[in-house]
Amino acid sequence: MPTKPDNRTEPEAAAGADAAGSAAQDPGALMQIEDLQVHFGLRGGFLSKLTGRGTGAVKAVDGINLTLRKGEVLGLVGESGSGKTTLGRALLGLNSPTGGTIRYRGEDIAQYGERQLRPLRRKLQMVFQDPHASLNPGMDIRTAVGHPLRIHNLVSDDTECEAKVVQALERVGLTPPERFLSKFPSDLSGGQKQRAVLARAIIAEPELLVADEPISMLDMSVRAKILQLMLDLKRDLDLTYVYVTHDLASAKFFCDNIAIMYLGRIVEYGPTEQVFADPKHPYTKALLAAIPEPDPTLATDRELPRGEIPDAARPPLGCSFHPRCPVALPGCGWEARDLRALLERRWLTMPVEEYTKEKALFADLDQLSAPGLTKVVVTPGRGTTAAKVLEYLRNLREEDSATEPREPFWGGVVTMQEEAGGVAVQFEESEDPRLRVLPVGEVRVACHLYPAGDN
Ligand SMILES: Nc1ncnc2c1ncn2[C@@H]1O[C@H](COP(=O)(O)OP(=O)(O)OP(=O)(O)O)[C@@H](O)[C@H]1O
C-alpha cells in the first residue's frame, strides 16, 4: 500500500547525535521542531468544486523535523514554492501550524495565539526580502528603528530610546548615526535601508532572526557586505539565523547547515560543506548542477530537473521529486498521473497529425489525473480497441528503452494488460522516503537510493 506522506527521521537516527528530529530535550537547541505542518485550506469556486480541483489543502510545510542550535546559521534552500518562507514564518508564529510542535525555551509555541506570542516577539525577529516595503515611508529612521523598543516597553523615555537607536545604527554601519536619525527611507540606498531594517531587528535583543532572501533585492555590490554584517552581528550579539534563499552560492558562504526543501519537506540536511562537496539527493544534485558553470563543456542538461515544481495541493505519490528525478527507482511512487505526463511530453514534440492520431487512442486522459492511482484501467477512444491501446503502450515502452534508456517511468510499471474492455496499467507500490542519517558523515537524506544502513 502507498503510505501517507511521512518525512520523519528514522527512529534509529533520532537516537544518535540528532540534528533533525529528536523529541528529547537538547540543551544546545534554541528550537526543536517536530512533525511541523502548515497546510493552507483552499476554498475554491463553484467550478473548482465541481471538478475537484482547487479544493483541499496546500501542504506548504508537511512534516518537518529540525533542531536549531544556538548560534547556528541554518539555510532553507529550494525552488519557489518549496515552503521555505512558510516554514520560516511558522517558526516566528507568523503562520499558524496545522500540526506538530515548535519547542522554544521549553514551551511548545506552535499553537500559541497572538496574546501568548506577544512577549516572545522581541526575541523572534524577521528580516524580509524587500527593504523598501519593510520600512514605513512616512516614518523617520529614529522612529522606525526605535519602534520595537516602544511596543515592547523596553525604554522609559525618548532619551533612552534614542541612545539605543544610535547604538543600533552604529552596529549596522549607518555612521555617523546622528546623520541618519531624521532621514526617511526614501533618503537611503537599498543597502542602507536593509541596514536600517537590521538595526530595527536587533534593537530589542532577539535570539532568532529569520532572514527571508535579505539580499536578493540589493545591488550585487552590497550583497556580500550585508551578509558579512549579519555574520558580525551574529558573533557580537549571540544570534541564531534561519536564512531563507533559493541562492545556493550565498547559502554556501553564509550557512553552517543547510536544509534542502522540496514541496514542503526536507529532502537533504547537513553541514553546508558536506552537502556542497557531496550532495546525495538527486534534487540537491540538480540544484547544484543548475548553478551556472563557468566551463560550458561541463554543464549537463540531463541533470537539471525536468518540468516545474508540482502543485503542493496535489503532490506526487511517494517521493514528491520522483516525476522529475532522472534516477528514480520503480518504488518511488509512480502513478497514473505520470503516464499522462509521459504521453503529453511525447505529444508536445510531435507533428499535429501524429499527435491527433495517438491521442485518439485514449477516450479521456482525465481518468489519469486523480492523485495516487497505482492502478488505472485506460479506456480506449471511440473506434479503437483495448488491444490497440495495449500495443501502443508496449511499443512506447520499447521505443523509450531504446531511445531514452534513462527514462525511469517504465521501471515503475509492473503490468499492462487488457481488462474490462480497457488496458489495466499497474504501478509498483511505493513508500515515502524518510529523512535518514547516512552511515558516513552527518548528512541526512530522504531518498530510496539510500536505504537504511547503506551509503
Ligand atoms: N497564505 C497562503 N495561502 C495559500 N497558499 C499559500 C499561502 N502562502 C503560501 N502558500 C503556498 O504554499 C506553498 C509554499 O509557499 P512558500 O512561499 O512558503 O514557498 P517558498 O519556497 O518560500 O517560495 P518563494 O521562494 O517563491 O517564496 C506554495 O504552493 C504557495 O503557493
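In what follows, every heavy atom counts, from backbone to side chain, and hydrogens, waters and symmetry copies are set aside. Whatever order the structure lists ligands and atoms in, that order sets their numbers, starting from 1.
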Checklist outcome for this item: Looking at Ser216, Ala60, Gly78, Ala312, the heavy atom closest to atom 12 (O) of ligand 1 belongs to Ala60
Item to check | Residue and atom name of the nearest protein heavy atom (relative to atom 25 (O) of ligand 1), distance in Å to one decimal | outcome: Lys84 NZ, 3.1 Å
Next on the checklist: For atom 11 (C) of ligand 1, tell me which residue out of Val58, Asn95, Leu87 has the closest non-hydrogen atom.
Outcome noted: Val58
Next on the checklist: Just verifying a value: how many Å separate Leu288 CG and Ile260 CD1, rounded to the nearest 0.5 Å?
Outcome noted: 6.5 Å
Checklist entry - So, do Phe409 and Asp400 sit near enough that their side-chain heavy atoms are less than 4.5 Å apart? => result no
Checklist entry - Nearest protein heavy atom to atom 15 (O) of ligand 1, by residue and atom, and its distance? => result Thr86 OG1, 3.8 Å
Next on the checklist: Can you tell me how the ring of Phe254 sits relative to the ring of Tyr241, calling it parallel under 30°, perpendicular over 60° and tilted otherwise?
Outcome noted: parallel
Next on the checklist: As a quick check of understanding, evaluate salt bridge (Lys or Arg N to Asp or Glu O under 4.0 Å) for Arg337 and Glu335, giving each step before the final call.
Outcome noted: CA-CA 6 Å; Arg337 288 186 292 175; Glu335 54 176 321; 2.9 Å; yes
Item to check | Carboxylate-amine/guanidinium contact Lys70 Glu207, below 4.0 Å | outcome: no
Item to check | Distance (rounded to the nearest 0.5 Å) between Asn257 CG and Leu74 CG | outcome: 6.5 Å
Checklist outcome for this item: When every non-hydrogen atom of Met261 is compared with those of Tyr283, the smallest separation belongs to O-CE2, 3.4 Å
Next on the checklist: Once you restrict to heavy atoms under 4.0 Å, what part of Glu79 touches ligand 1? Side chain, backbone, both or neither.
Outcome noted: backbone
Checklist entry - Looking at atom 26 (O) of ligand 1, what's its closest protein heavy atom, distance included? => result Ser80 OG, 2.5 Å
Item to check | Polar proximity ligand 1 side, Ser82 side, N/O cut 3.5 Å exclusive | outcome: yes
Checklist entry - Any idea which of Leu263, Ile309, Asp212, Thr85 brings a heavy atom closest to atom 27 (O) of ligand 1? => result Thr85
Checklist entry - Which heavy-atom pair separates Asp140 from Phe184 by the least distance, and what is that distance? => result N-CE2, 3.5 Å
Next on the checklist: Return the closest protein heavy atom for atom 23 (O) of ligand 1 as residue, atom name and distance.
Outcome noted: Gly81 N, 2.8 Å
Item to check | Any N or O of Phe40 closer than 3.5 Å to N or O of ligand 1 | outcome: no
Next on the checklist: Tell me the protein heavy atom at minimum distance from atom 19 (O) of ligand 1, and give that distance in Å.
Outcome noted: Gly83 N, 3.2 Å
Checklist entry - Any non-hydrogen protein atom below 4.0 Å of atom 30 (C) of ligand 1? => result no
